[in-house]
Q: 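Questions regarding the structure given below will be posed in turn.
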Amino acid sequence: YDRLIANADVDLYLSFDNVKVGEIQAQSMAAASPKGNFLILRGDAADKNSDMLHTGHMNILKPLVDHRKIRIVVDQACDKWLRSEARRITADALQKFPINAIVASNDGTASGAISALEEKNLAGKVPVSGQDADLIACQYVWRGIQTMTVYKPIRKLAEAAAIAAVKAGQTGHFDSTSTKIPNGTFQIPTVFLDPISVTKANLMETVVADGFHTREEITGPAAGK
């Protein structure tokens, strides 16, 4: 689960809908900045999840580009999802363009982008997306430095995988699903769980209520309360 194995005849793939994650990220950035220059920080070029996220990004952003509401000035992969790569790409973009929104594919790349924004005194002024609900990202969201993150409850994914495995062990096959995802060679039966958009407004009702992080971890002195 969570990573699609390429070119293998896999019986079942379970994950959060990464295309939807990308759409949520892009929708949030478009809502925060309906016009202007957009920077897209993709994940690792070799990661299938990165491709699915970017498909989601462009589902939302391409119509805005076509209608000349926004302009994508940089669209670049971050090798191995490295924070340092995101920081470098963002710093370079800020030297060349006024940036109105940053579509960062995960919280690590968002952190790198925020570091570059801080050097220009722009942190909190330029909307930044993320994904994974990492603690530092939730702290940034609380402080208004990161606009949003996408929460994918790990327990729900693990439980879904365990339930599917037990059923397969009992019956000799997995439950059928109408959703299929190409992995290069095969169409893989897929079960998608719904990701959750997290902003300052619903931090407590999502990641804190689930016990993923505590309120004190997010809002305490270390988080810049």
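It should be emphasised that the depicted structure is a prediction, and the values quoted were computed from it without experimental measurement. Residues: numbered from 1 along the sequence shown.
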Q: If we only count heavy atoms from C-beta on, is the Ser50 to Asp44 side-chain gap below 4.5 Å?
A: no

Q: Take Val208 and Thr214 through the side-chain contact (heavy atoms from CB on, under 4.5 Å) test and state the conclusion after the steps.
A: CA-CA 5 Å; Val208 172; Thr214 68; 5.9 Å; no

Q: With a 4.5 Å cut-off on side-chain heavy atoms, are Leu117 and Ile102 touching?
A: yes

Q: Hey, could you give me the CG/CZ distance between Leu41 and Arg87, rounded to the nearest 0.5 Å?
A: 13.0 Å

Q: Indicate yes or no for a side-chain donor-acceptor contact from Lys125 to the backbone of Asn121 under 3.5 Å, with no hydrogens or angles considered.
A: yes

Q: If you define the side chain from C-beta out and look only at heavy atoms, does anything of Asp175 sit under 4.5 Å from Val191?
A: no

Q: Quick check against the 3.5 Å criterion: does Thr55 have a side-chain atom that pairs as donor or acceptor with the backbone of Asp51?
A: yes

Q: Ignoring hydrogens and geometry, is there a side-chain-to-backbone donor-acceptor pair from Asn100 to Asn37 under 3.5 Å?
A: yes

Q: Taking the side chain as every heavy atom from C-beta outward, state whether Val74 and Phe97 have any pair of such atoms under 4.5 Å apart.
A: yes

Q: Test your reading of the model: is there a side-chain donor-acceptor pair from Thr177 to the backbone of Pro189, 3.5 Å cut-off?
A: no

Q: Does any part of the side chain of Leu193, heavy atoms only, come nearer than 4.5 Å to the side chain of Asp17, both counted from C-beta?
A: no

Q: Got Phe186 and Val10 here, is their nearest side-chain heavy-atom distance under 4.5 Å?
A: no

Q: Measuring from atom NZ of Lys20 to atom CG of Leu53, what distance do you get when rounded to the nearest 0.5 angstrom?
A: 14.0 Å

Q: Would a distance-only check, ignoring hydrogens and angles, find a side-chain to backbone donor-acceptor pair under 3.5 Å from Gln25 to Val103?
A: no

Q: Determine whether Asn18 and Gln131 make a side-chain contact, defined as any pair of heavy atoms from C-beta on separated by less than 4.5 Å.
A: yes

Q: For the NZ atom of Lys152 and the OG atom of Ser15, what is their distance to the nearest 0.5 Å?
A: 6.0 Å

Q: With a 4.0 Å cut-off, would you call Glu85 and Arg88 a salt bridge?
A: yes

Q: Closer than 3.5 angstrom, by distance alone: can the side chain of Asn49 be matched with the main-chain N or O of Asp2 as a donor-acceptor pair?
A: yes

Q: For Ala133 and Phe212, work out which heavy atoms get closest and say how close.
A: O-CE2, 3.2 Å

Q: Output, in order, the C-alpha distance, side-chain angles, deciding distance and verdict of side-chain hydrogen bond (donor to acceptor under 3.5 Å, both in side chains) for Asp47 and Trp81.
A: CA-CA 9 Å; Asp47 190 335; Trp81 299 84; 3.1 Å; yes

Q: Is a side-chain donor or acceptor of Lys200 paired with a backbone partner of Trp142 at a separation under 3.5 angstrom?
A: yes

Q: How far does CG of Leu82 sit from CD1 of Ile89, to the nearest 0.5 angstrom?
A: 10.0 Å

Q: Between Thr109 (side chain only) and Asn106 (backbone N and O only), is there a donor and an acceptor less than 3.5 Å apart?
A: yes

Q: Measure the CE-CG distance between Met204 and Asn202 for me, rounded to the nearest 0.5 Å.
A: 10.0 Å

Q: From the options Thr149, Val207, Thr206, Asp210, select the one residue that forms a side-chain contact (heavy atoms from CB on, under 4.5 Å) with Ile196.
A: Thr206

Q: Has Ser129 got a side-chain atom pairing as donor or acceptor with Ala104's backbone, closer than 3.5 angstrom?
A: yes

Q: Show every salt bridge (charged side-chain N to carboxylate O under 4.0 Å, His left out) that has at least one partner inside residues 67-76, sequence neighbours left out.
A: Arg42-Asp75

Q: Rounded to the nearest 0.5 Å, what separation is found between the CG atom of Leu203 and the CD atom of Gln139?
A: 10.5 Å

Q: Give a yes or no answer on whether the side chain of Asp107 reaches the backbone of Gly130 with a donor-acceptor pair at less than 3.5 Å.
A: no

